[in-house]
Amino acid sequence: MYDFAIVGAGAYGCATAYHLAKAGSSVVVIDAGKIASGASGGFGKRGIRTNMRDPRELDLVRQAHAKWPTLSDELDADTGFERIGGVCLVEDVPSGLSAGVASAKRRAVVQSDFGIPTEYWDQTVLRDKLPGVAESIDGALYSPFDGVASQEATTVGYARAAQRHGAVFVEDVEVEALVTEASGAISGVLTTSGDRIDASRGVLLTNNVGAARLVQTVTGYELPLWPVLPQVLLVKSEHSPSIPYLTNHQSKVISLKVLKDSTIMLSGGWVGTWDNDERSGGRPVPSRIEGNLDLLRKTFPSLGELTLLSADTSRLESSSLDQVPFVDCIPGARNAYVATGWSGHGWAILPIVAQRLAAWLLTGRKPVEFEQFAIARLAGSAEAARMLA
Ligand SMILES: Cc1cc2nc3c(=O)[nH]c(=O)nc-3n(C[C@H](O)[C@H](O)[C@H](O)COP(=O)(O)OP(=O)(O)OC[C@H]3O[C@@H](n4cnc5c(N)ncnc54)[C@H](O)[C@@H]3O)c2cc1C
């Protein structure tokens with residue numbers, strides 16, 4: 001019998017386990033695959049990005065910015081964190097009500113008001129900082145506290161630190177259902193092989209898109225989220241990339257970071273397709289690879305010829321209807337919680353969300369930051385409202 005059972009050994013499961021175990025609780029983390037085998041694993045680094053983020057997440061970003069620089073020391077593991085700053089390129093486009101210079105300037109003010117320093121760079125400053133950028137770019141948002149960190153090293157680092165505090169990790173075991181007592185309390189989980197793992201104080205679902213089904217087995221209500229397979233390309237350029245910032249675009253589907261060996265990690269929102277024949281589940285689509293490369297050429301023509309080194313769409317992520325996560329109690333089930341639906345940007349806020357989640361599980365007091373991520377915000381139908389009542 002454990003105090004807490006966590007389903008999913010990705011970044012969120014491992015980090016929350018670390019905080020719970022450090023506080024003296026007994027914790028088991030169960031994963032259908034291995035530690036960091038989902039969205040929180042793989043090559044390269046993930047962005048810690050402020051620009052263009054939903055304002056509901058900005059306070060958490062501010063708090064996460066304060067935690068990332070010292071995380072390697074705390075975990076005694078190199079997270080690969082680098083505070084390289086984040087740049088969001090801006091074009092005065094003829095359509096779209098939320099894009100353009102005017103909106104970017106307002107956004108710089110709002111982000112700064114949330115305590116995240118953000119400047120608006122006009123064309124002159126931008127060309128000075130990023131000389132190779134296309135003529136069509138009108139300006140940029142710059143957030144100096146943004147950066148990158150290795151998702152795999154950080155997730156494994158959290159897991160090892162949790163283990164040193166006594167947390168137990170069970171790999172290659174899939175959870176099929178939660179065990180609900182007549183009182184409504186959740187007392188553990190059932191695995192697909194029929195084993196029961198008991199938890200006296202609570203169960204936390206951090207199994208990404210898989211959480212939707214487990215929540216539904218308890219409430220009958222399907223969380224409005226779906227699987228996505230973000231595309232990540234590794235690209236070599238003819239001319240050495242002089243792009244020192246985590247860079248994305250306000251209105252175009254492009255995001256990039258330059259790795260230590262000068263290869264470009266290119267993404268931004270292009271996705272692969274589901275492949276039933278592949279165990280990984282994700283298959284890159286040639287036209288989408290070309291679309292992503294084409295945007296890179298147009299955004300940084302100075303890079304010259306681009307050579308594709310690899311295309312990966314194997315890491316399953318979940319996207320929610322309003323593109324912000326669900327961090328909540330499972331409705332109707334006492335002492336069961338869910339944190340999922342990160343919509344492609346769960347990485348940046350990990351250190352603070354996991355810490356707050358653990359505090360919630362330990363004290364029973366819901367952190368005020370999570371009010372905006374309640375399941376009920378999207379439960380508009382009478383049926384859903386009844387289930388969530
Ligand atoms: C390619 C890509 C690029 C990204 N880039 C960024 C970025 O630049 N910035 C940013 O902020 N965010 C980014 N993200 C998002 C971020 O990486 C994710 O939001 C975050 O890693 C999610 O972590 P998690 O722990 O919730 O899920 P995961 O890491 O997916 O972990 C879930 C785990 O649950 C396990 N599991 C599933 N079902 C079951 C079950 N029934 N029983 C037991 N185990 C189960 C899985 O095996 C998996 O290991 C990116 C995501 C991807 C995929």
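Every value quoted in this text rests on a predicted model; they were computed, and no experiment measured them. In each ligand, atom 1 is the first atom listed, and ligand 1 is the first ligand listed.
- Within the cation-pi definition used here (under 6.0 Å to the ring centroid, within 45° of the axis), Arg56 does not qualify as a partner of Phe373.
- Heavy atoms of other residues, nucleotides or ligands lying less than 6.0 angstrom from NZ of Lys129 number 12 at most.
- Residues passing the salt bridge (charged side-chain N to carboxylate O under 4.0 Å, His left out) test with Glu74 are Lys22, sequence neighbours excluded.
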May I have the N/O to N/O pairs between ligand 1 and the protein that fall below 3.5 Å, each with atom names and distance to one decimal?
| residue | atom | partner | partner atom | Å |
| --- | --- | --- | --- | --- |
| ligand 1 | 8 (O) | Gly47 | N | 2.8 |
| ligand 1 | 9 (N) | Gly47 | O | 2.8 |
| ligand 1 | 11 (O) | Gly47 | O | 3.4 |
| ligand 1 | 11 (O) | His345 | O | 3.2 |
| ligand 1 | 11 (O) | Trp347 | N | 2.9 |
| ligand 1 | 11 (O) | Ala348 | N | 3.0 |
| ligand 1 | 12 (N) | Gly344 | O | 3.2 |
| ligand 1 | 12 (N) | Gly346 | N | 3.4 |
| ligand 1 | 12 (N) | Trp347 | N | 3.2 |
| ligand 1 | 14 (N) | Gly344 | O | 3.3 |
| ligand 1 | 17 (O) | Arg46 | NE | 3.1 |
| ligand 1 | 19 (O) | Glu317 | OE1 | 3.3 |
| ligand 1 | 19 (O) | Glu317 | OE2 | 2.8 |
| ligand 1 | 19 (O) | Gly346 | N | 3.4 |
| ligand 1 | 21 (O) | Ser40 | OG | 2.8 |
| ligand 1 | 23 (O) | Ser40 | OG | 3.1 |
| ligand 1 | 25 (O) | Ala11 | N | 3.1 |
| ligand 1 | 25 (O) | Tyr12 | N | 3.0 |
| ligand 1 | 26 (O) | Trp342 | NE1 | 3.1 |
| ligand 1 | 27 (O) | Asn208 | ND2 | 3.2 |
| ligand 1 | 29 (O) | Ala39 | N | 3.3 |
| ligand 1 | 29 (O) | Ser40 | N | 3.0 |
| ligand 1 | 29 (O) | Ser40 | OG | 2.5 |
| ligand 1 | 30 (O) | Ala39 | N | 3.0 |
| ligand 1 | 30 (O) | Asn208 | ND2 | 2.9 |
| ligand 1 | 38 (N) | Asn207 | ND2 | 3.4 |
| ligand 1 | 41 (N) | Val175 | O | 2.9 |
| ligand 1 | 42 (N) | Val175 | N | 2.9 |
| ligand 1 | 44 (N) | Ala32 | N | 2.9 |
| ligand 1 | 47 (O) | Asp31 | OD1 | 2.7 |
| ligand 1 | 49 (O) | Asp31 | OD1 | 3.3 |
| ligand 1 | 49 (O) | Asp31 | OD2 | 2.7 |

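- Using modelled atom types, one finds no donor on one side chain facing an acceptor on the other under 3.5 Å when comparing Gln250 with Arg107.
- Under a cut-off of 6.0 angstrom, the local environment of CZ in Phe81 is crowded, with over 12 non-hydrogen atoms contributed by other residues, nucleotides or ligands.
- Looking at every heavy atom in both residues, Arg288 comes nearest to Gln231 through O-NE2, 3.3 Å.
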